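Worksheet for the structure shown next.
What you see is a predicted model; the values in this text were computed from it and never measured.
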Amino acid sequence: MNVIFSLLILTGIAYSAFHGNIDAVTQTAINSATGAIERIFAIAGIISLWLGIARIAEKSGLIEFISRVIYPFVKFLFPSIPAGHPAMGAMLMNMSANLLGFGSAATPFGLKAMAEMQKLNRDPETATEAMCTFLAINTSSITLVPTTIIGLRAANGSRNPTEVIGMILFATMCSTATAVIADLFFRTCYRIMHRS
């Protein structure tokens, strides 16, 4: 990857020098560096805001309430996880945070869920079915309120930063449904192959 980026930079500089626009390279580099720093501060502010809101949602019991609502669905998808196991609680908290668009807040719960599921794994070198299912759902998670994207759109001057909610909800529902169906299909194929 470093070689590719080096080639892109060098060919860009060479092309500009060949056409007599080497000053544009310097000006563009300075403007891009300034823009990158401004973007970093904007994103840091947005993430701090939503992490604070996620903490309030957690403390107020909102995430726990959503966890109870989605528990029957999660239990169906993860029959190998015993009821009351810490892995189930971490998965529910992760999925609830993802539903609310708190992706950064959901990550620690996801890592904890994986660590707890590893304790149930009889072959530590191979991921269990539950691990694969959780990874597929976590990657394609349904997002009811895409808070981070709304914040980024607002920070970049969007006139209507919330207009993407409907499309994102539809897209994430399709991606999650596809992930669940694909997971069930390949899980069934894997079981059939190992029976024969």
Quick check on the hydrophobic clustering: are [X] and [Y] connected, directly or via other members, by side-chain heavy-atom contacts under 4.5 Å?
{"X": "Phe18", "Y": "Leu8", "value": "no"}
{"X": "Leu184", "Y": "Met173", "value": "yes"}
{"X": "Val74", "Y": "Phe76", "value": "yes"}
{"X": "Leu169", "Y": "Phe73", "value": "yes"}
{"X": "Tyr190", "Y": "Phe186", "value": "no"}

Rounded distance (nearest 0.5 Å) linking atom [atom1] of [X] with atom [atom2] of [Y]:
{"X": "Phe170", "Y": "Ser175", "atom1": "CZ", "atom2": "OG", "answer": "10.5 Å"}
{"X": "Ser60", "Y": "Phe65", "atom1": "OG", "atom2": "CZ", "answer": "11.5 Å"}
{"X": "Ser96", "Y": "Phe109", "atom1": "OG", "atom2": "CZ", "answer": "9.0 Å"}
{"X": "Met167", "Y": "Glu163", "atom1": "CE", "atom2": "CD", "answer": "11.0 Å"}
{"X": "Met91", "Y": "Lys112", "atom1": "CE", "atom2": "NZ", "answer": "12.5 Å"}

So, for [X] and [Y], which heavy atoms are closest and what is the spacing to 0.1 Å?
{"X": "Thr143", "Y": "Thr172", "answer": "N-OG1, 3.2 Å"}
{"X": "Phe78", "Y": "Phe134", "answer": "CE2-N, 3.5 Å"}
{"X": "Lys75", "Y": "Pro82", "answer": "NZ-C, 4.2 Å"}
{"X": "Arg153", "Y": "Asn160", "answer": "NH2-O, 3.3 Å"}
{"X": "Met114", "Y": "Met131", "answer": "CE-O, 3.5 Å"}
{"X": "Thr176", "Y": "Ser141", "answer": "OG1-C, 3.5 Å"}

Do [X] and [Y] touch side chain to side chain, with heavy atoms closer than 4.5 Å?
{"X": "Ile70", "Y": "Leu92", "result": "yes"}
{"X": "Glu129", "Y": "Ser80", "result": "no"}
{"X": "Asn138", "Y": "Met95", "result": "no"}
{"X": "Asp123", "Y": "Thr128", "result": "no"}

Candidate pair Val25 and Asn21, rule side chain to side chain contact (heavy atoms under 4.5 Å, CB included), full reasoning: CA-CA 7 Å; Val25 175; Asn21 294 326; over 6 Å; no

Distance only, no hydrogens: is a donor on one side chain within 3.5 Å (strictly under) of an acceptor on the other, for Asn31 and Gln27?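 Yes, a side-chain donor-acceptor pair sits under 3.5 Å.
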
Pair Thr133-Arg187, side-chain donor/acceptor within less than 3.5 Å: yes

Are any side-chain N or O atoms of [X] and backbone N or O atoms of [Y], one a donor and one an acceptor, separated by less than 3.5 Å?
{"X": "Glu116", "Y": "His85", "answer": "no"}
{"X": "Asn94", "Y": "Ala90", "answer": "no"}
{"X": "Ser140", "Y": "Ala179", "answer": "no"}

May I have all residue pairs that pass side chain to side chain donor-acceptor pair (under 3.5 Å) and include part of residues 7-20, sequence neighbours excluded? none

